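Only one structure is covered here, and it is reproduced in the block below.
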Amino acid sequence: MNSKFAVYTLKRLLLALLTIFLVIAITFFTMHAIPASPFSSEKARSDAVIAALEAKYGFDKPVPVQFVNYLKNILHFDFGLSTGWVGCTVADLISDAFYYSARIGFTAGISALILGVCLGAAAALNRGSFLDQLVQVVTTALVSLPSFVMATLLLLIFGLKLKLLPTLGSQPGGMILPTLSLMLSPTAYVTRLTRSSMLDVMGQDYIRTARAKGVKNSKLIFKHALKNSLSPVITYAGPMMANILTGSMVVENIFSVPGLGRLFVNSMLRTDYMMIMGVTIFLATLIVLMNFLSDVLYKVVDPRIQFE
Amino acid sequence: MIDMPKKNVLSFQLDPKLFEPATDEEKAQQVNLRPSVSFFKDAMKRLSKNRIAMICLCLIVIISLIAAIVPSVYPYTYTEQDVTRKNMEPFKYSAKEQAKIDKGEKIFPHIMGTDSLGRDYAIRVIYGTRISLLVGLVASVIVVIIGILYGSISGYFGGRVDLIMMRIVDIIYSLPDVLIIILLSVAIRDFVSTSTNQLILKLGSGMISIFIVFGLLYWVGMARQVRGQILSIKEQEYVLYARSCGASPSRIIRKHMIPNCVSVIIITAALQIPSAIFTESFLSFLGLGVSIPMPSLGSLASEARQALVSYPFLLVFPAVTIFLIVLSFNLLGNGLRDAFDPKLRS
């Protein structure tokens with residue numbers, strides 16, 4: 001069991017590393033297929049500076065050599081110099097912005113998981129009740145709302161009409177609305193997953209056995225039912241973080257949060273190729289690692305699942 | 001009737017003389033009283049009993065018809081600007097139009113008002129709907145074709161071929177698709193803006209990269225599903241029989257396996273459409289979708305943000321439309337899954 005688990009984890013890790021490498025390659029070669037030079041932006045730089053930069057980043061060398069150089073630099077967390085924000089390195093800008101995105105994204109993700117599991121379990125345990133029907137209708141509606149519609153509606157209702165919450169990310173409490181807009185649809189999804197999985201588990205024989213043996217209701221729910229119905233939720237946790245990260249691109253723009261998503265969109269507007277490459281690779285690495293974690297955790301939580 | 005001599009007294013050979021031909025009446029008794037119901041018809045019957053799914057299907061048909069027909073008969077175009085009728089609320093007329101009405105002329109009402117450039121909003125929302133539905137349609141076609149081909153080949157041949165093909169699927173599956181779409185649309189932006197092809201210009205870099213990425217990445221879910229189904233069908237006796245009769249692999253896949261995967265294919269394709277529509281509207285919201293002045297539901301919602309408090313209807317119309325489209329596809333997909341999934345059959 002343990003050695004099998006180690007082999008599985010190793011395989012997944014290799015796959016994750018291969019994927020990250022592929023993302024870097026795709027990003028690098030698509031960006032290099034564009035004829036424009038990364039330093040040909042309108043921001044004036046002296047010829048000497050451009051020559052020095054080209055020498056440092058090796059733009060005079062053939063593309064494969066540049067790729068190897070770029071890979072080596074990434075290993076030192078050096079993503080090159082930003083051309084849209086003069087004088088800043090891509091790595092600095094990313095790490096500054098990551099703080100905000102991580103705060104919103106982490107809060108949104110964790111609250112979505114907790115709230116979703118609680119609501120889903122409650123709905124499943126009271127199947128057919130008013131609560132269950134309400135949960136079903138609301139979650140169906142929420143998963144059909146794109147993040148930008150959700151964010152703009154929340155901004156309009158709570159920020160501008162009712163004036164209950166601040167609309168800018170920099171104001172105190174300004175993180176509430178962006179976090180809400182990011183967490184609502186994952187919450188709905190987790191709720192649905194938990195509900196259907198819980199219903200499935202509650203119909204199993206061991207639940208009936210436990211009940212017949214006189215296990216207390218609370219213990220039955222938390223120890224026997226809930227624990228066994230969490231595995232689909234865990235497999236969803238990885239893709240959920242990917243959703244939240246990509247969703248943050250629109251949400252951070254709407255609420256002016258200086259996070260990664262906004263940085264990404266701005267770098268596209270400024271055609272800052274080094275920045276686009278850096279943020280793409282950074283976000284993709286995060287997503288791939290999250291998926292890896294949720295894959296491994298899935299096997300840890302549910303030992304019934306067979307290893308390949 | 002041929003008179004055959006009995007070879008042996010103890011032989012079990014039957015004597016044809018003992019038999020007489022069946023009358024028409026007796027033949028009629030052998031005919032099945034009920035016509036046989038195919039799996040597909042059965043599922044369709046179950047689907048038609050699902051009220052929510054049928055309402056959603058009707059809604060999708062109505063929305064598609066509106067998107068297909070209305071632009072050719074509508075009195076306004078999506079590019080027609082008129083500064084005298086900026087930001088009008090639904091069913092209001094500008095002073096110029098009011099004067100014309102007073103003179104007795106007939107003016108078609110602006111059902112959803114007008115936008116900040118005085119363009120009729122209803123026709124823009126309808127064009128946006130067109131884009132969304134087009135994306136959904138193209139996505140499902142691409143997904144179905146590539147997914148079936150890849151999945152059935154991988155599942156049928158099995159062994160090392162399957163192993164390698166599925167490793168490729170694993171890798172593609174873990175690539176973050178939205179990021180790659182964004183990357184591609186940035187990369188081909190220059191190429192598209194200098195292109196002379198009308199269609200490419202109209203679609204814009206975002207749409208083209210969406211289609212490319214659908215072709216490259218989106219089919220993996222379908223391929224996995226089809227492969228799983230083929231793997232179990234492969235063990236069935238009728239496949240063994242077909243093979244022993246000398247049917248070619250392509251014939252076995254086409255005639256015997258794919259018809260038995262139809263339910264999985266329909267369910268997966270139906271659930272892929274809303275996610276494709278989501279992606280397109282998301283990109284258009286970021287300004288990476290269709291090129292202006294062509295509207296998309298995402299770009300309309302994005303433009304509406306500029307005057308959100310004064311003219312909230314500019315947000316409400318595209319938002320409600322996209323919500324309705326995605327909701328009906330989601331619910332229809334669930335209905336199809338209930339109708340076609342043999343595991344849930346009672």
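Here is the naming used below: chain letters follow the sequence lines, and residue numbers restart at 1 for every chain. Values below: every heavy atom of this structure, side chains too, minus hydrogens, waters and symmetry copies. All figures in this text were calculated on a predicted structure; none of them were measured in a lab.
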How long is the straight-line distance from [atom2] of [Y] back to [atom1] of [X], given to the nearest 0.5 Å?
{"X": "A:Leu156", "Y": "B:Arg305", "atom1": "CG", "atom2": "CZ", "result": "12.5 Å"}
{"X": "B:Leu183", "Y": "A:Met277", "atom1": "CG", "atom2": "CE", "result": "9.0 Å"}
{"X": "A:Met268", "Y": "B:Ile182", "atom1": "CE", "atom2": "CD1", "result": "5.0 Å"}
{"X": "B:Asn334", "Y": "A:Arg192", "atom1": "CG", "atom2": "CZ", "result": "6.0 Å"}

In terms of heavy-atom proximity below 4.5 Å to chain A, should [X] be classed as side chain, backbone, both, or neither?
{"X": "B:Ile325", "value": "neither"}
{"X": "B:Ile171", "value": "both"}
{"X": "B:Phe282", "value": "both"}
{"X": "B:Phe278", "value": "side chain"}
{"X": "B:Leu331", "value": "side chain"}

Side chain, backbone, both or neither: which part of [X] has a non-hydrogen atom closer than 4.5 Å to chain B?
{"X": "A:Ala141", "result": "both"}
{"X": "A:Leu145", "result": "both"}
{"X": "A:Leu283", "result": "both"}

Minimum heavy-atom separation for [X] and [Y], please, with both atom names.
{"X": "A:Ile26", "Y": "B:Ile180", "result": "CD1-CD1, 4.3 Å"}
{"X": "A:Phe148", "Y": "B:Ala301", "result": "CE1-CB, 3.8 Å"}
{"X": "A:Val149", "Y": "B:Ile322", "result": "CG2-CG2, 4.2 Å"}
{"X": "B:Leu179", "Y": "A:Phe264", "result": "CD2-CE2, 3.9 Å"}
{"X": "B:Phe323", "Y": "A:Ser144", "result": "CD1-O, 3.7 Å"}

Within a 6.0 Å radius of atom [atom1] on [X], are there more than 12 heavy atoms belonging to other residues, nucleotides or ligands?
{"X": "A:Phe158", "atom1": "CZ", "value": "no"}
{"X": "B:Ile52", "atom1": "CD1", "value": "no"}
{"X": "A:Met290", "atom1": "CE", "value": "no"}

| request: Heavy-atom pairs under 4.5 Å with chain A are the metric here; pick the option from B:Leu184, B:Val178, B:Asn330, B:Val316 that has the most. | output: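 Most pairs with chain A among the choices: B:Asn330.
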| Are any of the side-chain heavy atoms of A:Ile254 and B:Phe285 separated by less than 4.5 Å? |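 When only atoms from C-beta onward are counted, B:Phe285 and A:Ile254 do touch, with a gap below 4.5 Å.
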Give every donor-acceptor pair under 3.5 Å between a side-chain atom in residues 235-242 of chain A and any protein atom, sequence neighbours left out.
| from | atom 1 | to | atom 2 | distance (Å) |
| --- | --- | --- | --- | --- |
| A:Thr235 | OG1 | A:Ser231 | O | 3.3 |
| A:Thr235 | OG1 | A:Pro232 | O | 2.7 |

| If you tally heavy-atom pairs under 4.5 Å against chain B, which of A:Thr30, A:Val23, A:Leu15, A:Val250 wins? |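 Heavy-atom pair counts peak at A:Val250.
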